[in-house]
Amino acid sequence: MSEEKSLNFIEEIIEKDLKEGKHTTIATRFPPEPNGYLHIGHAKSIALNFGLALKYGGKTNLRFDDTNPVTEETEYVESIKGDVKWLGFNWAEELYASDYFDQLYHFAVKLIQKGLAYVDDSTSEEIAAQKGTPTQPGTNSKFRNRSIDENLQLFSDMKAGKYKDGEKVLRGKIDMAHLNMLMRDPVLYRIKHAHHHRTGDAWCIYPMYDFAHGQSDAIEQITHSICTLEFVPHRELYNWFIEKLEIYPSRQYEFARLNMTYTMMSKRKLLQLVNDKHVSGWDDPRMPTLSGVRRRGYTPEAIRDFCERIGVAKRDNLIDISLLEFCVRDHLNKIADRRMVVFDPLKVIITNYEEGKTEELPSENNPEAPERGVRSMPFGRELWIEQEDFMEVPPKKYFRLAPGQMVRLKSAYIIKCEEVVKDATGKVAELRCTYVPESKSGSDVSGIHVKGVIHWVNAKTALPVEVRLYDRLFTTEDMGAIEDDFTNHLNTNSLEVKTVFAEPSLTTAQVGEHFQFLRMGYFCLDPDSAATKLIFNRAVTLKDMWAKEMKK
RNA sequence: UGACCUAUGGUGUAAUGGUAACACAGCAGAUUUUGAUUCUGCUUUUCUAGGUUCGAAUCCUAGUAGGUCAACCA
């Protein structure tokens, strides 16, 4: 018997609908506007919509909400499709709201014929003034009582291009005193003489979101139209169109969108980061975009796991980014091969190791996945170790190298620090050590037990590579709560670039391949790499209890 | 001074009128040829006040707090 996982509120609704026979199968949709790149917040929506269809045997459409030609571009369409696929989901149909422009136009005509829509010559300022405020009712437009025939003619003229941008709009005729401001004669169509990425110059009037979204859902017979909380007040309008147009009754349900600590999800602001060159592009590894986290080395499995763990509910949330990092580590720990890379090198000479001699020592690729086998590491008389792994005056419980102390070189030998060589300034320049020949990994008969194990690379064969170490992009935990310009909160130290020394097996690394650099973190080969210069992005550090201990 | 949505440990999410639980974070310990992983234990929770009920995190009322709504954006 497997433990039954509790349902989120949308799953409860669906199971009820299925049980009561309201639906025999479900249809959902993921409806991005192609005006920016997808981010981790969209991943929550994608995982929800596609996950539901998968769980209940339904289907999910990918539908681009492309009703505003001014901001939308094909580049975004392509990136969105790539990101959804990368996350591991397959859509039933690739659709566009612009596919429905003809039907939408006829829906509008139907509304006019029913006396439920009118053409308004008011300016946008006048319309805004007519809206009233949340606490004060609006006022009727003086064009509100035009005849059906006149409205039909005017709307047709709008479509025919007889008017300039902004000269006229089509408005729903509902109730200017309605408590829900969206019901105060909403704009349905506006004039935009703009080139559309799909329909070209065929149209000069474009439907507003409210007049396109629900109707698109109805056309596709979407059973459960899932969106975020800010659309709650739109539901009333959504249902009004369904009722008046007598179309398929899709139902809208709203959940709380994802907010994450030290992260900003606004597409507009992310675009600004790109345009103002605060980051290298939409796929900068510091960006919360899916292309960014992919390049950084996060995996789709980790992101799906994250989406599963954060749950789905209706209350505002601020997820600790450490949960995402936990998911990334958890997956990478299982799949990433281990490699040794020294970041801040300190020379070690093994005085009793024969000069000119080298050995090839096997080292396991992944202790979590023995089937990954081993790779070979060259070992010689001169090595690099991490500066951090030596202290001349060690504190209590320091397991690493210190004068007279021993450590294990991972997959190699136990060494003992015999002498500390300093440069003219008194800085430690080199360690002279001896090794214990009988302590070789796999055939250790030395009987010596050491607590510390450190990574190393053979100096002669060390491969210089670049690593890019990322920190959070913002220094403020709750970026949703700030009042000033968000760029004031940018972390000026979010990127550190270093040249480091890697074991030679990394030469064959492939772009996008994940590694754990022992004790240093998880890394991923960046597409900027060339055969002569490998670049690794740090996806996330390893948990480091010792560093935490030292901070106390 | 309107309407709507929401309120459970530090952060999330469960408990569907019947013993408040799980994960992350934090703390302590065990194991470890990564101070990683793994394992064990611990700290911390129902916004307030009334009401209904044998029994309320759950239902009702009021209050309080947070969020949303006044784009020819989505």
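The sequence lines fix the lettering, A, B, ..., with proteins before strands; numbering per chain opens at 1. In what follows, every heavy atom counts, from backbone to side chain, and hydrogens, waters and symmetry copies are set aside.
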Proximity of A:F101 and A:Y206 rings by center, below 6.0 Å: yes
Residues of residues 302-311 of chain A with a heavy atom under 4.0 Å from any atom of RNA chain B, listed by number, are A:R309, A:I310
Measuring only the P atom in each nucleotide, how far is B:G26 from B:G63? A whole number of Å is fine. 42 Å
Aromatic ring centroids of A:H224 and A:Y253 under 6.0 Å? yes
Separation of B:G2 atom C1' from A:M183 atom CE, nearest Å, is 17 Å
When rounded to the nearest Å, what value does the distance between P atoms of B:A56 and B:U46 take? 16 Å
What does the B/S/- profile of nucleotides 66-74 of chain B look like, 5' to 3', with a 4.0 Å heavy-atom cutoff to protein? -S-SBSBSB
Give the dot-bracket string for RNA chain B, reading 5' to 3', where a pair is Watson-Crick or G-U wobble with both distances under 3.5 Å, ( ) marks pairs inside the strand, [ ] marks pairs crossing earlier ones, | marks a partner on another strand, and . marks unpaired. .((((((..((((....[..)))).(((((.......)))))....(((((..]....))))))))))).....
How long is the line joining CG of A:D320 and P of B:G12, in whole Å? 9 Å
Strictly under 4.0 angstrom, non-hydrogen atoms only: write out the protein contact profile of nucleotides 31-47 of chain B, one letter per nucleotide from the 5' end, B, S or -. --BBBBB----------
Roughly how far apart, to the nearest Å, are B:G12 and B:G18 at atom C1'? 26 Å
Residues two or more places apart in sequence or in another chain: which of them pass salt bridge (Lys or Arg N to Asp or Glu O under 4.0 Å) with A:R519? A:D389
Cation-pi, A:Y413 ring and A:K440 (6.0 angstrom, 45 degrees): no
Could you tell me how far B:G67 sits from B:U11 if I compare only their P atoms? Round to whole Å. 15 Å
Please report the distance, rounded to the nearest Å, between CD in A:E325 and C1' in B:U11. 14 Å
Considering only atom C1', compute the distance from B:C42 to B:A36 and round it to an integer number of Å. 23 Å
cation_pi(A:K159, A:Y105) dist<6.0 Å, angle<=45: yes
Mind checking the C1' distance from B:U37 to B:U43? Whole angstroms is fine. 25 Å
Touch class at under 4.0 angstrom, heavy-atom based, for A:V70 against every strand present: nothing
Less than 6.0 Å separating the ring centroids of A:F515 and A:Y522? no
May I have the distance from A:L324 (atom CG) to B:G12 (atom P), rounded to whole angstrom? 15 Å
Distance between P atoms of B:A23 and B:C39 (Å, rounded): 10 Å
Give a yes/no on whether any side-chain N or O of A:R235 is located under 4.0 angstrom from OP1 or OP2 of B:C5. no
Rounded to the nearest 0.5 Å, what separates atom CG in A:D65 from atom NE2 in A:H213? 5.5 Å
Are A:Y262 and A:F474, when compared by the centres of their aromatic rings, separated by less than 6.0 Å? no
If I compare all heavy atoms of A:E33 with all of A:K267, which pair ends up nearest, and what's the gap? O-NZ, 3.2 Å
Looking at A:D444 and A:S441, would you say the former's side chain and the latter's main chain have a donor-acceptor pair under 3.5 Å? no
Centroid separation under 6.0 Å, is that true for the rings of A:Y189 and A:F155? yes
Not counting sequence neighbours, which residues clear salt bridge (Lys or Arg N to Asp or Glu O under 4.0 Å) with A:E325? List them please. none
Check: A:F326 ring centroid to A:F306 ring centroid under 6.0 Å: no
Quick one: do the A:D120 and A:S141 side chains pair a donor with an acceptor below 3.5 Å? yes
Which whole number of Å gives the distance between the C1' atom of B:U53 and that of B:C60? 12 Å
